[in-house]
Amino acid sequence: ILQNPLLAVHPLFVLAARTGLIVGAGNILIGILSRFHQDIITFNFDATSLDWALAVYIYLALSWVMQFVAANSSFVAMYVTQLWYFHGGLAGNKVRLPCCVTFRAFWVGLRYHQGTFALGSCAIGLTEIIRRCLAGITCLARMDDNPVGSCVRAMCCCAVSCYESYFESVSTNAYLDVAMSARPFCDAGE
């Protein structure tokens, strides 16, 4: 799979997309923060609720778009890997993938799975902080041989149960199933 030159260039495309998004959103955020300039100097935050709402909206929108780019990137990598595997990639012989397979994967993702990426990036972006906290607790609770794991498992069984029931399936691993079987995000996460 590493012999595919387009997959080696793919992270550069993702970096360019994310840099463009950050620069574009950065200009908007600088415009919003310039309204706080005098308040920051005097440490008197007397901004209107509209200014705060706009700043939160820009942050959430940028977070969602960044998750969308990450979702598309995960799909492309998994789609190319799947094509490599099913064209005999583990056989050890030189595998010839179709021409421009990375661009084809990008096109398939945007053409057929854009709604899946939008829903998945929204779900992953909105629950990311909660998921990471609960994942850490769950990881500690799953340590059977460690006394700390036993204590965490006893004290935080509700958090572990909540993570396993609701948040474990909301991850970028769902895009693997989307790339292989074209299922919707909610079905692919299970």
Side-chain angles (χ1 to χ4, degrees), residues 9-79 102-103 105-139 156 158-179 182-190:
V9 176
H10 177 70
L12 297 176
F13 291 137
V14 173
L15 178 66
R18 287 185 174 184
T19 302
L21 288 170
I22 289 173
V23 167
N27 289 333
I28 295 170
L29 285 175
I30 287 172
I32 292 171
L33 292 177
S34 67
R35 296 179 56 112
F36 296 116
H37 179 59
Q38 191 168 2
D39 296 337
I40 291 173
I41 293 173
T42 62
F43 295 106
N44 183 12
F45 293 104
D46 192 24
T48 65
S49 60
L50 180 64
D51 292 336
W52 286 108
L54 187 58
V56 168
Y57 173 75
I58 295 295
Y59 171 75
L60 289 176
L62 180 63
S63 173
W64 178 70
V65 171
M66 291 295 237
Q67 287 290 337
F68 187 86
V69 169
N72 198 355
S73 172
S74 296
F75 177 82
V76 167
M78 292 173 193
Y79 189 86
T102 304
F103 295 114
F106 182 73
W107 169 250
V108 166
L110 285 182
R111 172 78 167 91
Y112 298 109
H113 303 293
Q114 191 171 17
T116 301
F117 296 158
L119 176 66
S121 59
C122 184
I124 290 171
L126 290 176
T127 62
E128 185 168 10
I129 295 172
I130 296 168
R131 275 186 317 108
R132 293 199 188 259
C133 291
L134 291 177
I137 292 170
T138 303
C139 182
C156 301
C158 292
V160 171
S161 173
C162 178
Y163 176 75
E164 289 174 346
S165 299
Y166 301 111
F167 293 109
E168 195 169 31
S169 62
V170 180
S171 70
T172 56
N173 295 337
Y175 298 121
L176 174 64
D177 195 22
V178 170
R183 293 172 44 188
F185 181 79
C186 294
D187 295 341
E190 295 176 352

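- Within the 4.5 Å cutoff, no side-chain heavy atoms of E168 are placed close to those of L134.
- The heavy-atom pair separating R131 from Y163 by the smallest distance is O-CE1, 3.7 Å.
- Between the CH2 atom of W107 and the CZ atom of F103 there is a distance of 14.0 Å, given to the nearest 0.5 Å.
- A 6.0 Å sphere centred on CD1 of I129 holds no more than 12 heavy atoms belonging to other residues, nucleotides or ligands.
- The distance between the ring centers of Y175 and F117 falls below 6.0 angstrom.
- Minimum heavy-atom separation, I124 to V170: CG1-CG1, 3.9 Å.
- A donor-acceptor pair under 3.5 Å links the side-chain atoms of S121 to the main chain of A118, judged by distance alone.
- Closest non-hydrogen pair, T138 versus V160, comes out as OG1-CA, 3.9 Å.
- Identified under the salt bridge (charged side-chain N to carboxylate O under 4.0 Å, His left out) test for residues 15-25, with sequence neighbours left out: none.
- Across all non-hydrogen atoms, the minimal contact from Y79 to A179 is N-CB, 4.0 Å.
- Taking both residues in full, the closest heavy atoms of D177 and R183 are given as OD2-NH1, 3.0 Å, listed atom of the first, atom of the second, then distance.
- Separating the OG atom in S74 from the CD atom in Q67 is a distance of 9.0 Å, to the nearest 0.5 Å.
- Not a single donor-acceptor pair under 3.5 Å links the side chain of S73 to the backbone N or O of V69.
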